[in-house]
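Below is one structure; the comments refer to it alone.
We use all heavy atoms of the structure for the numbers below, so side chains are in, but hydrogens, waters and symmetry mates are not.
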Amino acid sequence: MRFFGRIGSVIVDPTIVLSFDRTGYLVHSLTFEAGDLDVDLRGKVCLVTGASSGIGFEVARALAERRGEVWLLCRDRSRGMAAVEEIRRQTGSDRVQLGLVDLASLRSVRAFAERFDEMRVDVLVNNAGILPAAREESADGIEMTWATNVVGPFLLTHLMLPKLKAARGARVINVSSGGMYSQKLDLSDVQVEKKPFDGVAQYALTKRAEVILTELWSERLSGAGVTVNSMHPGWADTPGVRVSLPGFFKVMRWLLRTPAEGADTIVWLAVCRRLTASSGRFWFDRQVRATHYLPWTREDPADRERLWRLCCSQAGIDPRAVE
């Protein structure tokens, strides 16, 4: 089966569409190693942002199935509690908790970190993301897409570092998007104040930034016992896609992956025993993938450093504290 999966990948991957949709998942899954997800997570503490629905919910459910202590980090209490109760019902696990946090608010992220009293964090999945149709600003004066998808996760990762290091073997997974392939890291107008707001382009920029930040975190955490990887889930049928991209959903609805299929690589990165030393890579369907397909999307080292310092500045972090 793995042979047929490799042959099929050679056929579907260059098409992009057949790779990112459910066809690609069915083909790529033929190469998956049996037993990679057969892991007992008892004693492990896992945090999943944006876990009230869609891919985040499926990740949290899968980690709870493996007996981990799972925290669903959500901004809406009622939706978050409904998700917690549903995962408890489906898995029979009572080790599923709700953490209230709005990633668009630096104050909310810091407040969660202050009251979160677990001694360790073994898995942090930065999954939450938004794709608004119109420009908005967060309470901190940051464009909402950038605040939610980049600055909030950056601050949360920083604040969790002592607990991640205490776990000795912790894993951070940043959820990006295949849309980032179309974007170069352009920091000239991340606030979208000089040009008309294009929600899809801004979303893609944030997802490009997440991949680059993954690489930078990996470099800075080398030797600290924490791995950092990014991935993209392909095109999945999620509430976010239905609301933010209704035209795309209407055309592609019959070809979209299920949320569980979109979540598969995240779960695999969180639990697979063979990945203890893997860090700073970009994954799709359990395979390392290139981060650039178009030569004009490549950033230079100075832009990467500017991104790091911009995130530190916007998050209110001394750059020396994370280097």
Side-chain angles (χ1 to χ4, degrees), residues 49-54 56 73-80 99-115 126-160 174-177 179-180 182-214 216-217 230 238-248 299 303-319 321-322:
T49 69
S52 62
S53 65
L73 305 192
C74 308
R75 60 183 175 180
D76 184 278
R77 182 184 295 275
S78 61
R79 292 181 61 206
L100 287 176
V101 58
D102 180 358
L103 289 169
S105 166
L106 300 179
R107 180 178 180 181
S108 177
V109 175
R110 291 186 181 278
F112 168 76
E114 289 174 1
R115 65 178 180 268
N126 288 312
N127 163 75
I130 62 169
L131 196 169
R135 186 186 185 279
E136 300 176 63
E137 284 190 2
S138 71
D140 304 292
I142 303 171
E143 188 279 316
M144 192 65 78
T145 322
W146 187 266
T148 304
N149 299 2
V150 179
V151 183
F154 185 85
L155 177 60
L156 179 63
T157 301
H158 167 66
L159 295 176
M160 290 296 111
N174 294 322
V175 180
S176 183
S177 165
M180 69 100 188
S182 67
Q183 287 291 315
K184 180 178 180 178
L185 181 68
D186 181 357
L187 301 178
S188 64
D189 190 22
V190 297
Q191 289 283 72
V192 201
E193 295 171 320
K194 304 173 185 176
K195 58 192 175 188
F197 184 80
D198 181 335
V200 173
Q202 182 71 352
Y203 177 82
L205 175 64
T206 67
K207 294 302 179 178
R208 167 64 70 188
E210 287 182 23
V211 172
I212 296 170
L213 287 170
T214 294
L216 297 176
W217 274 118
S230 59
T238 67
V241 167
R242 294 187 180 211
V243 172
S244 299
L245 299 170
F248 173 80
E299 72 284 346
D303 283 336
R304 293 167 67 88
E305 186 61 25
R306 283 182 61 211
L307 172 63
W308 184 265
R309 293 191 174 275
L310 174 63
C311 289
C312 287
S313 174
Q314 291 179 319
I317 301 170
D318 183 343
V322 288

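- The heavy-atom pair separating A147 from P153 by the smallest distance is O-CD, 4.3 Å.
- Across all non-hydrogen atoms, the minimal contact from C74 to G80 is SG-CA, 4.0 Å.
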Determine whether L159 and F112 satisfy the following criterion, side chain to side chain contact (heavy atoms under 4.5 Å, CB included), listing intermediate values before the conclusion. CA-CA 10 Å; L159 295 176; F112 168 76; over 6 Å; no
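- T214 pairs by the side chain to side chain contact (heavy atoms under 4.5 Å, CB included) definition with N174, V228, S230, not counting sequence neighbours.
- Residues satisfying the side chain to side chain contact (heavy atoms under 4.5 Å, CB included) criterion with K195, sequence neighbours excluded, are D189, V192.
- For the salt bridge (charged side-chain N to carboxylate O under 4.0 Å, His left out) test, no residue two or more places apart in sequence or in another chain qualifies with R79.
- Taking all atoms of both residues into account, the shortest heavy-atom contact from I130 to N149 is N-OD1, 3.0 Å.
- A search for side chain to side chain contact (heavy atoms under 4.5 Å, CB included) contacts involving L185 returns L187, L205, R208, A209, I212, E299, D303, L307, not counting sequence neighbours.
- The aromatic rings of W308 and F154 sit perpendicular, their planes meeting at an angle over 60°, well past the 30° parallel limit.
- Distance alone, capped at 3.5 Å, places no donor-acceptor pair between the K207 side chain and the Q202 backbone.
- Annotation: side chain to side chain donor-acceptor pair (under 3.5 Å) contacts involving residues 103-114, sequence neighbours excluded, are absent.
- A104 approaches M144 most closely through the heavy-atom pair CB-SD, 3.5 Å.
- For residues 136-152, the set of pairs meeting the salt bridge (Lys or Arg N to Asp or Glu O under 4.0 Å) definition, not counting sequence neighbours, comprises R135-E137.
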